[in-house]
Amino acid sequence: MESEINEIIKSRLKKLEILHERGIDPYPTDFKPTHNTKACLDLLNDIEKKGLEQSEVIYSAGRITAIRKMGKAIFLDILDELGKIQLLARDNSIDDNTKELIELLDIGDWAGVIGPVFRTRRNEPTIQVNSIKLLSKSLKPLPEKWHGLKNVETRYRQRYLDLIANTNIREIVKQRDNIIFELRKFMKEEGFTEVDTPILVPIPAGGMAHPFKTYHNALDRELFLRIATELYLKRMVVGGIEKVYEIGRLFRNEGIDSNHNPEFTTMESYEAYADYNDVMKMVENLFGQIVFNVKGTYEIQYGENKLNFKPPWKRLDLRKTLIEKSGIDFNICNDVEILKNEMSKIGIDVRNQLSWAGLMDKLISEKLEPDLIQPTFLIDYPLEMSPLAKLSKENSNIVERFEGFIAGMEICNAFTELNDPLDQRKRFENQEKMREEFPEEERDRLDEDFLVALEHGMPPTGGVGIGIDRMVMLILNQSSIREVISFPQLRTI
RNA sequence: GGGCCGGUAGCUCAGAGGUAGAGCAAAUGACUCUUAAUCAUUAGGUCGAGGGUUCGAAUCCCUCCCGGCUCACCA
């Protein structure tokens, strides 16, 4: 981006020139802080306990966020990753180089400071400046100190400004890290092995979504960005990695809104000898442990609702719940036209849905999802909606599948995995047929290489995919996915 | 894609046909315990872009760009 030259930048460029003239490197590399701002505060507490007023000389550093000139005393605030601390440069405490340099410092510059920590008469922990080093000259002004940066577009496009001006955003970054750390810890404790599977794939299978397409020159072939990690993780299970998972980015070429970003993070796991009941237990324990370890409690506020993550979650039979909430029984409405009719009757707009599965999806999200506030599993989905899930033992049009919902949001999707290669082939072929019939609706894709793997034998397996960004939204009480993804997708301007 | 709301100084915002405004930030000066420092002075604008109406448009109309919320689509 080209920088427009306004007065502020002109004045800073001039200061830069003066620095060069005086032989001061505005971008040096030789300053090593001994104490971050938090360590400074700890140090102050320590020496005060010992009855001392001033610590030894320490080195600290950060970005200058305020300069208050009081004649021959200058107060500065510096901000580092952990917080802020005040500096006091008094005319008779600073060296000559600092006297000259301090006139050339601006809000936004990175500075290193050398001096003892003490407390001012107003009780403010402060580093008394013996010497200041410029660590990096900033040429552009920062957002305003009091109102901060509010423009949402600028916050997303220039997240670094958001992180500087709105320090609560740093908390989101750190808490997201904590959540994913706790997630890995849980999986490790459960004996899972984390793996990496391809992001560039020849067939975007394992889910129903519109893929991003790209091209590899040397191989001279079209490739796609993965829409799911499922089929590669199952290949690992075929290979004998019995408990396997991946935390990774998926890419779906679809709409963008407060719950959807074209690239998003999921955790998918597969466990041999498990079925969907075992997976349900794992999911509720996983959420419970993460929430408890990150927030110190099972009960957290999300928007207007208090969510309780203490296991077990409520389990609702999909068919029974649909009958209860909509009067529609999918066993009876087993034909597109009948289902469409019944849904119209209860006031659902079905003009955009073509297939039976599409209609069911709509019915669930319209009649069930909004009311699923507390963590809840919907259980036992129709076969037609679930090409990768194993048939129920009791019922040939139901699969052993569940989805988890929290605060009206779908948060995970799981099943007892289909490991019958012949049935899987039929299901894929059916998906391909449906794609021809309804080209506007997304379908899963037949992945021959995966079928070959299945033909070698996959043990009975239970698997789940969890939306990590949504999990972070819930735990951190954020209503937009853009708040938990540091650089959300926006139009380029 | 539809509806609603918004885009004015680096930032936060006011201005709703009649000379483009404030606070912070910036520049100059005063001030050795301030912390949204204070005080004085100064400078800073393609009012998102383009067209139209008008004697005159930031303001009214049209088209477009960017964003937010929402509905639709989509997991």
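Lettering of chains follows the sequences in order, A, B, ..., and the numbering in each one begins at 1. Values in this document were obtained by computation on a predicted structure and should not be read as measured data.
- Atom P of G51(B) sits at a distance of 37 Å from the matching atom of U42(B), rounded to the whole Å.
- Following rounding to the nearest Å, E410(A) (CD) and C73(B) (P) show an atom-to-atom distance of 15 Å.
- Between the P atom of U35(B) and the CD1 atom of I74(A) lies a distance of 16 Å, rounded to the nearest Å.
- Nucleotide U53(B) has no partner under the Watson-Crick or G-U criteria, as no pair reaches both atom distances under 3.5 Å.
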If you restrict it to nitrogen or oxygen atoms, what contacts under 3.5 Å exist between nucleotides 42-45 of chain B and the protein, and what is each distance?
from, atom 1, to, atom 2, distance (Å)
A43(B), O2', E7(A), OE1, 3.2
A43(B), O2', E7(A), OE2, 2.5

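- At C33(B), none of the side-chain N or O atoms of Q86(A) fall inside 4.0 Å of OP1 or OP2 (strictly under the cut-off).
- Here E442(A) lies in heavy-atom contact (under 4.0 Å) with sugar-phosphate atoms only.
- Listed nucleotides A72(B), U35(B), A75(B) differ in distance to K362(A); the shortest reach to its side chain belongs to A72(B).
- U59(B) and A20(B) have their P atoms separated by 13 Å, given to the nearest Å.
- Partner assigned to G6(B) is C66(B), using Watson-Crick or G-U wobble distances below 3.5 angstrom.
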The test is side-chain contact (heavy atoms from CB on, under 4.5 Å); show your working for K367(A) and I346(A) and say whether it passes.
CA-CA 10 Å; K367(A) 287 288 162 191; I346(A) 56 171; 4.0 Å; yes

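- Between E100(A) and R22(A) there is a salt bridge, with a side-chain nitrogen of the basic residue lying less than 4.0 Å from a carboxylate oxygen of the acidic one.
- Contact annotation: side chain of H260(A) to base of C74(B), donor-acceptor pair present below 3.5 Å.
- To the nearest angstrom, P of U32(B) lies 12 Å from CZ of R121(A).
- Looking at which nucleotide of RNA chain B each of K15(A) and H147(A) is closest to, the 5′-most match is held by H147(A).
- Contacts of G148(A) with the nucleic acid, taken as non-hydrogen atoms under 4.0 Å apart, involve only primed sugar atoms and P, OP1 or OP2.
- Nucleotide U38(B) is matched to A30(B) when pairs are restricted to Watson-Crick or G-U wobble geometry with both distances under 3.5 angstrom.
- Residue contacts for S11(A): at a heavy-atom cut-off of 4.0 Å it reaches the sugar-phosphate backbone alone, with no base atom in range.
- What you find for T266(A) and G467(A) is that their closest heavy atoms are CG2-CA, 4.5 Å.
- Between the CD1 atom of I18(A) and the C1' atom of A27(B) there is a distance of 13 Å, rounded to whole Å.
- Residue order along RNA chain B, read from the 5' end via each residue's closest nucleotide, puts T154(A) first among T154(A) and R119(A).
- Comparing C65(B) with U46(B), their C1' atoms sit 16 Å apart, to the nearest whole Å.
- Spacing between C62(B) and A57(B) at atom C1', rounded to whole Å, works out to 15 Å.
- Taking the side chain of R252(A) as heavy atoms from C-beta on, and the options C11(B), A75(B), A72(B), the nearest nucleotide is A75(B).
- Nucleic acid contact class of E369(A) (heavy atoms, under 4.0 Å, all strands): base.
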Quick one: do K72(A) and D91(A) satisfy salt bridge (charged side-chain N to carboxylate O under 4.0 Å, His left out)? Show the steps, please.
CA-CA 5 Å; K72(A) 293 191 166 155; D91(A) 199 50; 5.0 Å; no

Which atoms of nucleotides 67-70 of chain B (N or O only) lie under 3.5 Å from a protein N or O atom, and what are those distances?
from, atom 1, to, atom 2, distance (Å)
G67(B), OP1, R157(A), NH2, 3.4
G67(B), OP1, R491(A), N, 2.7
G67(B), OP2, R491(A), NE, 3.0
G67(B), O4', E153(A), OE1, 3.0
G68(B), OP1, R482(A), NE, 3.1
C69(B), OP2, R482(A), NH1, 3.2

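- A gap of 16 Å separates the P atoms of C33(B) and U38(B), to the nearest Å.
- Distance from the side chain of E124(A) is smallest for U35(B) among the nucleotides U32(B), C11(B), U35(B).
- A straight line from CH2 of W146(A) to P of C13(B) spans 15 Å, rounded to a whole angstrom.
- Seen from the ring of Y381(A), R401(A) counts as a face-on cation partner, given the 6.0 Å and 45° thresholds.
- If you check every strand for non-hydrogen atoms under 4.0 Å, K84(A) touches nothing.
- Rounded to whole Å, atom P of A75(B) lies 14 Å from atom CG of N259(A).
- In summary, the side chains of T461(A) and E417(A) do not present any donor paired with an acceptor at a separation below 3.5 Å, with no hydrogens or angles considered.
- The pair R63(A)-D109(A) does not count as a salt bridge, with every side-chain nitrogen at least 4.0 angstrom from each carboxylate oxygen.
- With salt bridges taken as basic N to acidic carboxylate O contacts below 4.0 Å, one links D447(A) and R235(A).
- Comparing G21(B) with A16(B), their P atoms are spaced 14 Å from each other, to the whole Å.
- When the C1' atom of A25(B) is taken as reference, atom CG of L149(A) falls 14 Å away, rounded to whole Å.
- When Watson-Crick and G-U wobble pairs are counted only if both distances are under 3.5 Å, A58(B) pairs with no nucleotide at all.
- The pair R435(A)-E437(A) does not meet the salt-bridge criterion, since no charged nitrogen lies less than 4.0 angstrom from a carboxylate oxygen.
- Within the model, atoms CG of N45(A) and CG of L41(A) stand 7.0 Å from one another, a figure rounded to the nearest 0.5 Å.
- On the C1' atoms, G6(B) is 13 Å away from C13(B), given to the nearest whole Å.
- Taking atom P in both G18(B) and A58(B), the straight-line distance is 10 Å, to the nearest Å.
- If you check A75(B), C33(B), C24(B) against the side chain of E144(A), the one that comes closest is C24(B).
- When Watson-Crick and G-U wobble pairs are counted only if both distances are under 3.5 Å, G17(B) pairs with no nucleotide at all.
- Using a 4.0 Å cut-off, no side-chain N or O of K69(A) falls inside it from OP1 or OP2 of U38(B).
- Between the CD1 atom of I164(A) and the P atom of G10(B) there is a distance of 18 Å, given to the nearest Å.
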Begin with the C-alpha distance, continue with both residues' side-chain angles, and end with the deciding distance and a verdict on side chain to side chain donor-acceptor pair (under 3.5 Å) for T65(A) and D77(A).
CA-CA 5 Å; T65(A) 58; D77(A) 292 341; 4.6 Å; no

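- For K14(A) and A27(B), the shortest distance from a side-chain N or O to OP1 or OP2 is not below 4.0 Å.
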Salt bridge (charged side-chain N to carboxylate O under 4.0 Å, His left out) evaluation trace for R319(A) with D317(A)
CA-CA 6 Å; R319(A) 177 169 163 252; D317(A) 180 83; 5.9 Å; no

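- A salt bridge is defined here as a Lys NZ or Arg NE, NH1 or NH2 lying under 4.0 Å from an Asp or Glu carboxylate O, and R119(A) with E48(A) meets this definition.
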